Amino acid sequence: MTLEEIHGQQPAPVGHDWMQGAGTALHELLVSAQRRGCLTAGVYESAKLMNVDPDNVAFCVLATDQEDEGDIALQIHFTLIQAFCCENDIDIVRVNDVAKLAAIVGPSEESGEPRDLHCILITNPNEEGWKDPALEKLNLFCEESRNVNDWVPTITLPE
């Protein structure tokens with residue numbers, strides 16, 4: 001049962017322009033975070049990082065494709081990650097296109113192999129005072145989504 005079902009409410013639809021802006025901001029954030037070395041990809045790697053240093057996590061992206069919807073183990077991992085993020089005030093979004101994420105993030109730098117992109121964490125860099133405008137836009141988007149009872153909004157990445 002979802003929060004909306006409990007309260008008898010349906011989340012209000014977010015405007016298309018606002019959603020498109022969030023997708024563009026997520027694209028910019030992923031590129032910036034990867035360039036700065038502040039991106040952790042993979043469910044297992046993300047869980048390890050959240051266990052060791054949750055205060056360093058600034059943003060979380062959960063990604064699935066249509067064939068992942070039936071993967072119960074992945075859905076359990078997502079539920080646990082979502083709970084952890086909510087408990088630690090980490091903004092979180094979903095993306096329904098792992099292929100677009102792979103095009104943005106690319107293969108692992110160490111091995112060149114495709115990596116698990118079902119969970120991506122953006123961490124705070126060591127640089128003092130680093131403010132990413134894309135992260136600020138996404139934080140605002142998540143806050144607005146929570147105001148309409150959409151606790152883990154889905155973002156569509158631009159083409």
Side-chain angles (χ1 to χ4, degrees), residues 3-4 10-65 68 77-110 112 114-159:
L3 186 62
E4 291 84 13
Q10 289 299 318
V14 179
H16 178 70
D17 291 340
W18 185 237
M19 185 69 71
Q20 191 172 11
T24 302
L26 180 58
H27 182 277
E28 291 169 6
L29 178 63
L30 291 169
V31 169
S32 174
Q34 184 157 356
R35 188 174 39 241
R36 294 186 186 285
C38 302
L39 188 138
T40 300
V43 173
Y44 179 70
E45 291 81 3
S46 297
K48 282 193 318 188
L49 178 65
M50 286 189 285
N51 185 46
V52 173
D53 193 8
D55 293 334
N56 198 34
V57 178
F59 199 78
C60 179
V61 178
L62 297 178
T64 57
D65 279 330
D68 294 326
H77 286 298
F78 280 6
T79 301
L80 294 171
I81 290 168
Q82 287 172 195
F84 185 89
C85 288
C86 288
E87 183 72 25
N88 290 282
D89 296 321
I90 300 167
D91 285 327
I92 183 171
V93 296
R94 280 189 175 248
V95 172
N96 289 330
D97 196 337
V98 177
K100 282 185 184 176
L101 273 178
I104 296 168
V105 176
S108 173
E109 292 177 8
E110 299 87 40
R115 50 182 157 179
D116 173 15
L117 298 176
H118 290 106
C119 183
I120 296 175
L121 297 181
I122 308 299
T123 56
N124 292 317
N126 294 331
E127 302 166 23
E128 290 297 319
W130 178 68
K131 298 283 186 203
D132 192 312
L135 179 58
E136 291 175 14
K137 286 179 191 174
L138 287 167
N139 288 335
L140 181 60
F141 173 79
C142 288
E143 183 179 331
E144 291 294 321
S145 295
R146 284 191 299 274
N147 288 337
V148 294
N149 290 325
D150 189 3
W151 294 93
V152 183
T154 300
I155 291 180
T156 303
L157 291 167
E159 295 299 321

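Just so we're clear, the structure is a prediction, and the values are computed from it rather than from any experiment. In this chain, numbering begins with 1 at the start of the sequence shown.
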Check your understanding: Do any N or O atoms from the side chain of Asp53 and from the backbone of Leu49 form a donor-acceptor pair under 3.5 angstrom?
Key -> no
Practice item. Write down the atom of Gly42, the atom of Glu45, and the distance for their closest heavy-atom approach. Key: CA-OE1, 3.3 Å
Check your understanding: Among all residues two or more places apart in sequence or in another chain, which pass the salt bridge (charged side-chain N to carboxylate O under 4.0 Å, His left out) test with Glu159?
Key -> Lys100
Check your understanding: Is any side-chain heavy atom of Leu101 closer than 4.5 Å to a side-chain heavy atom of Leu30?
Key -> yes
Check your understanding: Going through the checks in order, is the side chain to side chain contact (heavy atoms under 4.5 Å, CB included) test met by Asn51 and Phe84?
Key -> CA-CA 10 Å; Asn51 185 46; Phe84 185 89; over 6 Å; no
Point to revise | Contact check, side chains of Asn96 and Asp65, non-hydrogen atoms, under 4.5 Å | key: no
**Study point:** Atom of Leu29, atom of Ala134 and distance for their closest heavy-atom approach
**Key:** N-CB, 3.8 Å
Exercise for review: Examine distances only and state if a side-chain atom of Asp116 and a backbone atom of His118 form a donor-acceptor pair shorter than 3.5 Å.
Suggested key: yes
Review point. In this structure, which one of Ile120, Leu117, Ile81 forms a side-chain contact (heavy atoms from CB on, under 4.5 Å) with Val43?
Key: Ile81
Point to revise | Shortest non-hydrogen contact from Ser46 toward Thr40 | key: OG-O, 3.9 Å
Exercise for review: Check whether any side-chain heavy atom of Val95 lies under 4.5 Å from a side-chain heavy atom of Leu26, and answer yes or no.
Suggested key: yes
Exercise for review: Check the pair Ile122, Leu39 against side chain to side chain contact (heavy atoms under 4.5 Å, CB included), reporting the backbone distance first and the verdict last.
Suggested key: CA-CA 5 Å; Ile122 308 299; Leu39 188 138; 4.1 Å; yes
Review point. Passes salt bridge (charged side-chain N to carboxylate O under 4.0 Å, His left out), Arg94 versus Asp150? Steps please.
Key: CA-CA 11 Å; Arg94 280 189 175 248; Asp150 189 3; over 6 Å; no
Point to revise | Exercise: identify the closest heavy-atom pair between Val98 and Asp68 | key: CG2-OD2, 4.3 Å
**Study point:** Interatomic spacing from CG in Leu62 to CG in Leu121 - rounded to 0.5 Å
**Key:** 8.5 Å
Check your understanding: Does Phe78 reach the side chain of Thr64, with side-chain heavy atoms less than 4.5 Å apart?
Key -> yes
Check your understanding: Are the side chains of Cys142 and Ile92 in touch, meaning some heavy atoms are under 4.5 Å apart?
Key -> no
Study note, to complete from the structure: In short, Cys60 meets Cys119 closest at the heavy-atom pair SG-SG, 4.0 Å
Review point. Are any non-hydrogen side-chain atoms of Ile155 and Leu138 less than 4.5 angstrom apart?
Key: yes
**Study point:** Close side-chain approach of Asn88 and Val57, heavy atoms under 4.5 Å
**Key:** no
Practice item. Report yes if the side chains of Pro153 and Phe141 come closer than 4.5 Å at any heavy-atom pair, otherwise no. Key: yes
Review point. Would you say the side-chain atoms of Gln34 pair up with the backbone N or O of Val105, donor to acceptor, closer than 3.5 Å?
Key: yes
Study note, to complete from the structure: Between Asn124 and Cys38, the two heavy atoms sitting closest are C-SG, 4.4 Å
